[in-house]
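Notes to accompany the following structure.
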Protein chains: 2
Amino acid sequence: MQTQTRPTDIAQVAHDRIYRSLRQKIMHGELAPGQALTLRGLANTYGVSMTPVREALRRLAAEGALTLSASGRVTTPELSPERIEELAALRALIETELASRALPRAHLALIERLQSINSANAEAAVKGDAVGYIRTNLEFHRTLYLRAQAPAMLAIAETVWLQLGPTMRAVYARLTRTEAPRHHRMIIAALKAGDEPALRLAVRTDVTHGLRHLTQ
Amino acid sequence: MQTQTRPTDIAQVAHDRIYRSLRQKIMHGELAPGQALTLRGLANTYGVSMTPVREALRRLAAEGALTLSASGRVTTPELSPERIEELAALRALIETELASRALPRAHLALIERLQSINSANAEAAVKGDAVGYIRTNLEFHRTLYLRAQAPAMLAIAETVWLQLGPTMRAVYARLTRTEAPRHHRMIIAALKAGDEPALRLAVRTDVTHGLRHLTQ
DNA sequence: GCATGGCAGCAGTGATCACAAATCCGGCGC
DNA sequence: GCGCCGGATTTGTGATCACTGCTGCCATGC
């Protein structure tokens, strides 16, 4: 019983480390759409053999974060406008539900944390730091949704973020400024007021705003 | 250029074959919750080495169809009531949206196909064929949702079905009878009438009905 | 009788290798 | 000069193996 494994059930093995590393890069928009990844190349980069790299890539491909060509080559996806519209609709559907479920549990400490993340988000925006912008933006949403106590829903929301990752960079590169924190402030205001319809609207607006102009 | 590969981009390799086989078994409720799967055992069953089995299992685990213990052992998941409630809510959210999108494209040929699938579903119900019941039930939904032209949404809906697979058998074992086709007939009636609110309600009722009593 | 310790078998992980298919590139012929 | 052919290289796939840690069982001692 007195094993020295971590208290979590998170395996600390090589393929998992590589999976997390690549997943973060993809979700934060550090990889451009259409970029090719090779087993031997990544194995060399991470100093391991092809085996754990293959598992990490296959897992990411299963989650839609990467595309497998017919010959097994993996690349980051280049999304069609229709696909982007779908993923934006999914974000709106799932995240409004998550926000609704988080609302009754959103106490002052959470709202303060959201405001703090929002400051970092605005800072990244004015500095033109696209990766930092995306990272803090997702952190804002994740922090709120964690309160919903709905891990399966959150996992699916994150899967959608992952699929949008490579595209996100292109999206946010052009709008940045202090644009998006406005919607985040609307979310915070609705949380403070306990106004569920306003919260749902604010979340829906926030998640679809940046993607809408890409779907035409 | 004159390769003999299929025109689709679906790889016909060993790990993919094993993945599809296991995925179907899980989604159709052929595997009981908590059942353990071993790499060497499956490798033997399918007549391959551990490598492709490992990839298939990891892919299924990534989709939530299987659970990985801390030591790497994989089993079919035993879902908590909270998790089931979440997954039912996700089904309701996503599938009402898919049905709405399919509605304007639902012509008579589709409705006739749905009725035909529904007959097979009723037949499986009276025969007490749980696997056949689940299979035709999912086929009914998938056939409708394919008309929505929303592959990303459908993929996520199927992921949810996959997670519910092992649990579904236990659910439908107790209610079967000609119970569920009633909701399916409501869906068909709403499609014929072009009545979107009724369609959304019928879908929501159908997907949450069987799961609701498990969430308490 | 029960608890504990050790040992054997079992299960997953990652490295290495042989192989096949796809891709790329240079040269040859028209 | 252009296009096509063929080989070299790259890349993914699957098998095998050594290794580690876990599991479970049996025997031993209290």
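Everything quoted here is computed from the prediction, not taken from an experiment. For the numbers below, each heavy atom of this structure counts, side chains included, while hydrogens, waters and symmetry mates do not. Numbers restart at 1 for each chain; the letters A, B, ... are given by sequence-line order, proteins then strands.
For the pair B:Arg40 CZ and D:dA18 P, the computed distance is 13 Å after rounding to whole Å. We find that CG of A:Leu39 is positioned 4 Å from P of D:dG12, with the value rounded to whole Å. Taking atom OH of residue A:Tyr46 and atom P of nucleotide C:dG14, one finds them 14 Å apart after rounding to whole Å. We find that NE2 of B:His15 is positioned 11 Å from P of D:dA15, with the value rounded to whole Å. Atom P of nucleotide D:dA15 and atom CG of B:Asn44 are separated by 12 Å, given to the nearest angstrom. Distance A:Asp16 CG to C:dG14 P: 9 Å, rounded to the nearest Å. Protein atom CZ of A:Arg59 is 12 Å distant from nucleotide atom P of C:dT13, rounded to whole Å.
Using a 4.0 Å heavy-atom cutoff across all strands shown, B:Leu42 reaches no nucleic acid atom at all. Counting non-hydrogen atoms under 4.0 angstrom, A:Val74 reaches nothing in the nucleic acid. Among the heavy atoms of the strands lying under 4.0 Å from A:Leu37 are primed sugar atoms or P, OP1, OP2 only; no base atom is included. If you check every strand for non-hydrogen atoms under 4.0 Å, B:Arg73 touches sugar and phosphate atoms only.
Side chain to side chain, A:Ser100 and A:Arg200 meet the donor-acceptor criterion of an N or O pair below 3.5 Å. Defined by atom type and a distance below 3.5 Å, a donor-acceptor pair is present between the side-chain atoms of A:Glu63 and A:Tyr19.
Of the side-chain N and O atoms in B:Thr51, none sit less than 4.0 angstrom from OP1 or OP2 of D:dG14. Of the side-chain N and O atoms in B:Arg58, one or more sit less than 4.0 angstrom from OP1 or OP2 of C:dT13.
Contact of B:Arg54 with C:dG14 (side chain to base): a donor-acceptor pair of N or O atoms is detected under 3.5 Å.
Looking at the side chain of A:Thr38, the nearest of the listed nucleotides D:dG12, D:dA15, D:dG14 is D:dG12. Here the side chain of A:Ser49 is nearest to one of C:dT13, D:dA15, C:dG14, namely C:dG14. Ranking C:dA15, D:dT13, C:dT13 by closeness to the A:Val48 side chain, first place goes to C:dA15.
The CG atom of A:Leu60 lies 6.5 Å from the CG atom of A:Leu162; values are rounded to the nearest 0.5 Å.
A side chain to side chain contact (heavy atoms under 4.5 Å, CB included) with A:Tyr145 holds for exactly one of A:Arg142, A:Gln149, A:His141; it is A:His141.
Comparing A:Leu57 and B:Met50, the nucleotide of DNA chain D nearest to each residue sits closer to the 5' end for A:Leu57.
Using a 4.0 Å cut-off between charged side-chain N and carboxylate O, A:Glu97 and A:Arg101 make a salt bridge.
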